[in-house]
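What follows is one structure encoded as structure tokens, with my remarks underneath.
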Amino acid sequence: MSFYEQAVTYGGWDDSVFDQVSASDVERALSKEEINQRDYFALLSPAARPYLETMAKKAQAKTLRHFGKAMQLFLPLYLSDYCVNICKYCSFSADQNFPRRRLTMDEVEKEAKVISDMGIKHIILLSGESYQHSSIAYLQESMRVLSKYFSSVGLEIQPLEESEYEELVASGVDGLTVYQEVYNYDIYKDIHVKGPKKNYKYRLDTPERGAKAGMRAVNVGALLGLDDWRKESFAAGMHAAYLQDRYLETDVSVSFPRIRPHAGSYEPKVDVGDADLVQAMLALRLFLPNAGITLSTRESPELRDKLLQLGVTKISASSSTEVGGYSEPDNTQSQFEISDERSVAEMKRVLKSQGFQPIVKDWQMI
Amino acid sequence: MNDPLTIAGVDLSSRLFTGTGKFGDHKVMKEAIQSSGSEVVTVAVRRVDVEAGDENVIADIPADVQLMPNTSGARTADEAVRIARLAKASGLGDWIKIEVISDQKYLLPDNEETVKATEILVNEGFTVLPYMSPDLMAAKRMEEAGAAAVMPLGAPIGSNKGIRMKDMVQIIIDEIAVPVVVDAGIGKPSEAAEAMEMGADAVLVNTAIATAEDPVQMAEAFARAVKAGRQAYRAGLGPTAVTAEASSPLTGFLFE
């Protein structure tokens, strides 16, 4: 089994496919307590746009019931920016010229200390995609250092084999984030110019391999701006549902990253407005009430503060997207510019003022 | 009315158990626990952060309540056992609510794994209160394994749907000798009262209190409902009849 057939189908739809949805389809979806795939589709359509407020109220109530007034905080830790892929939209792309760097174990520890001193217990490890530089052995060595500081560590690195994920789970890694970037097959092939990332299906099946290997949590998403956001977020939501249905033990989350400016300045193909982002998030929440929704510092403080009430369950704060960026800021190339630079302490204050309890620890390696 | 509930030698005058998750802040949580009069409070071990100082949730649980750490996050019996040991080692006491959820979509408890964890933890000296799907055979196995109480769900957790599993929960109440605590699904005080009228020994309410607009008021409302339900149960509810029975159309001829 694979999500492949579905993914290629949704990604290949004509953009006008959502125009067939009528207002009464949307109203029918909104009248239900639990919605199905058809309803999810309807809620992503242009016809649903006048119903955003109704969707927001329902989404907020559902989030409250399933997750409570609690918001998980995490930070990314960049280990390495070596990358073997050439991708048109990414600043770590192998054809970008800048001095590459990989943290030594001393540097991993330095970064860990700074992050840990902020009161953060959950992190995600990121790297460019290089099997040589972000090797299993290197990650295991890093985990020996990081286990002392953090209670939960996730990965966002190059796709690996199931057996390799098993080894990493044994070393304490408990989460896996891998975005398909774009579900549209032709666009995927076009923007991933060179390198192993060109393999659409291998990447698509990665969260499934992670779930099989015993990752407690997997996170999927589409990089919004590479193709029509309705199709892409529908495909991402269906991918999450596919995983949730087959891997009951796995916590499934979805992210809605929008393309941010960076070195190489790739121009997004499709403009994804704030209302579009909100509609994508709300529809997902109504479709998958138990799925986590992650929000990064790509978005502005003003927008993030509003999005907190609309179904989000996990946020990052004060993130550095460069290797070694917490202990030595502005030393090298960042993966993308962050928009929200507020510190962990400031984010905690914002959360409290909005009635949320900031959660820094929600699991620990046992 | 002196009607204590005794669990593992601890006399409890309140039959409302509460939780600590889903609250917007610890201060409100503390006030809500106080206004609920609850004497048993459950807390997720995975969220307890002993290094957090003031932000440690334990610091805001009233000192005179019985702590009932729970193993939420556990996917297997083995994980639940390890979390329970961690709770004891962290000084959270030896009561443990076993929660083994191997289904992240509906969040339904895994009875088979829960029975296994109950056996192991009872042998290790824990006071074990397993959260379970209302299945009589599983409840019997947990009781035989030495559970101090069983905690069947009324409806899926966080659903606020009320006692949807009413008939199954009633069977457990009727057949299981250890205390039965209805846990999960109770969305309104009237539903808590309903569980108590059915003969449940106690109820555990978290979501409905924590996510209310005014958790402190809601906690008190639940406390009253639980008392009323218990009193009604003790007083003996009258039989209910759908229609008035003024005559005996089928057997009246016998006495004509």
Side-chain angles (χ1 to χ4, degrees), chain A residues 33-34 60-73 116-117 119-122 149-152 174 211 214-218 240-241 243-253 288-292 345 348-349 351-366, chain B residues 19-29 44-53 55-57 60 71-76 78-87 89-90 100-108 110 113 156-161 187 206-213 215:
Chain A
E33 179 58 28
E34 271 120 32
Q60 187 186 37
K62 269 193 194 284
T63 311
L64 190 61
R65 248 174 32 204
H66 289 278
F67 295 90
K69 299 172 189 169
M71 191 72 68
Q72 173 70 45
L73 281 166
S116 167
D117 285 346
I120 290 293
K121 302 265 176 188
H122 290 204
Y149 295 91
F150 303 107
S151 69
S152 168
D174 58 17
M215 290 284 180
R216 294 179 55 83
V218 298
L243 294 164
Q244 209 176 49
D245 287 344
R246 282 164 186 77
Y247 303 95
L248 282 175
E249 292 200 6
T250 313
D251 252 327
V252 180
S253 295
L288 302 177
N290 269 328
K348 280 188 178 175
R349 273 196 294 280
L351 288 173
K352 285 177 184 165
S353 75
Q354 289 205 31
F356 289 104
Q357 181 189 161
I359 303 287
V360 294
K361 176 173 174 284
D362 197 34
W363 180 245
Q364 76 188 74
M365 300 169 199
I366 47 169
Chain B
T20 52
K22 299 189 176 174
F23 281 96
D25 76 76
H26 287 174
K27 189 170 156 281
V28 173
M29 176 194 82
V45 177
R46 64 176 173 158
R47 283 210 177 151
V48 174
D49 185 2
V50 284
E51 294 160 19
E55 287 187 21
N56 181 359
V57 60
D60 289 308
T71 67
S72 91
R75 260 75 146 167
T76 61
D78 179 54
E79 286 186 353
V81 166
R82 284 188 278 161
I83 293 171
R85 289 174 187 156
L86 184 72
S90 315
V100 182
I101 310 238
S102 48
D103 144 42
Q104 304 309 307
K105 187 173 177 183
Y106 301 101
L107 301 176
L108 294 171
D110 184 328
E113 292 292 304
I157 191 162
S159 69
N160 286 4
K161 283 185 173 171
N206 176 37
T207 307
I209 293 175
T211 65
E213 257 175 59

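Labels below follow one simple rule: chain letters A, B, ... track the order of the sequence lines, proteins then strands, and each chain is numbered from 1. The shown structure was predicted, so the numbers you read here are calculated from the model rather than taken from an experiment.
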Between Ala44(B), Gly24(B), Gly187(B), Ala210(B), which has the largest tally of heavy atom pairs under 4.5 Å with chain A?
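Looking at each of Ala44(B), Gly24(B), Gly187(B), Ala210(B) in turn, Gly24(B) comes out on top.
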So which part of [X] gets closer than 4.5 Å to some heavy atom of chain A, the side chain, the backbone, both or neither?
X: Ser102(B); answer: both
X: Val45(B); answer: backbone
X: Lys27(B); answer: neither
X: Pro156(B); answer: neither

State, with a plain yes or no, whether a side-chain heavy atom of [X] is found less than 4.5 Å away from one of [Y].
X: Gln244(A); Y: Gln104(B); result: no
X: Thr20(B); Y: Gln357(A); result: no
X: Gln364(A); Y: Leu86(B); result: yes

How many angstroms lie between [atom1] in [X] and [atom2] in [Y], if you round to the nearest 0.5 Å?
X: Arg75(B); Y: Thr250(A); atom1: CZ; atom2: OG1; result: 7.0 Å
X: Trp363(A); Y: Ile83(B); atom1: CH2; atom2: CD1; result: 4.0 Å
X: Leu107(B); Y: His66(A); atom1: CG; atom2: NE2; result: 8.0 Å

Can you give me the closest heavy-atom contact between Lys69(A) and Ala212(B), atom names plus distance?
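Scanning both residues completely, I find the closest heavy atoms to be NZ-O, 3.3 Å.
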Shortest non-hydrogen contact between Arg47(B) and Asp362(A), atoms and distance
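It is NE-OD1, 2.7 Å.
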So for Val360(A), is it side chain, backbone, both, or neither that comes closer than 4.5 Å to the heavy atoms of chain B?
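Only the side chain of Val360(A) comes within 4.5 Å of chain B.
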Heavy-atom cut-off 4.5 Å, strictly under: side chain, backbone, both or neither for Lys121(A) against chain B?
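Contact with chain B involves the side chain of Lys121(A) alone.
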Could you check whether any side-chain N or O of Lys22(B) sits under 3.5 Å from a backbone N or O of Leu64(A), counting only pairs where one atom can act as donor and the other as acceptor?
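Pair absent, no side-chain N/O of Lys22(B) close to backbone of Leu64(A).
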Test Lys352(A) against Asp25(B) for side chain to side chain contact (heavy atoms under 4.5 Å, CB included), laying out the working first.
CA-CA 7 Å; Lys352(A) 285 177 184 165; Asp25(B) 76 76; 5.7 Å; no
Salt-bridge criterion met for Arg216(A) and Glu79(B) (N-O under 4.0 Å):
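Glu79(B) and Arg216(A): salt-bridged.
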Would you mind telling me which of Asp245(A), Asn290(A), Leu288(A) makes a side chain to side chain contact (heavy atoms under 4.5 Å, CB included) with Lys105(B)?
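For Lys105(B), the side chain to side chain contact (heavy atoms under 4.5 Å, CB included) check succeeds only for Asp245(A).
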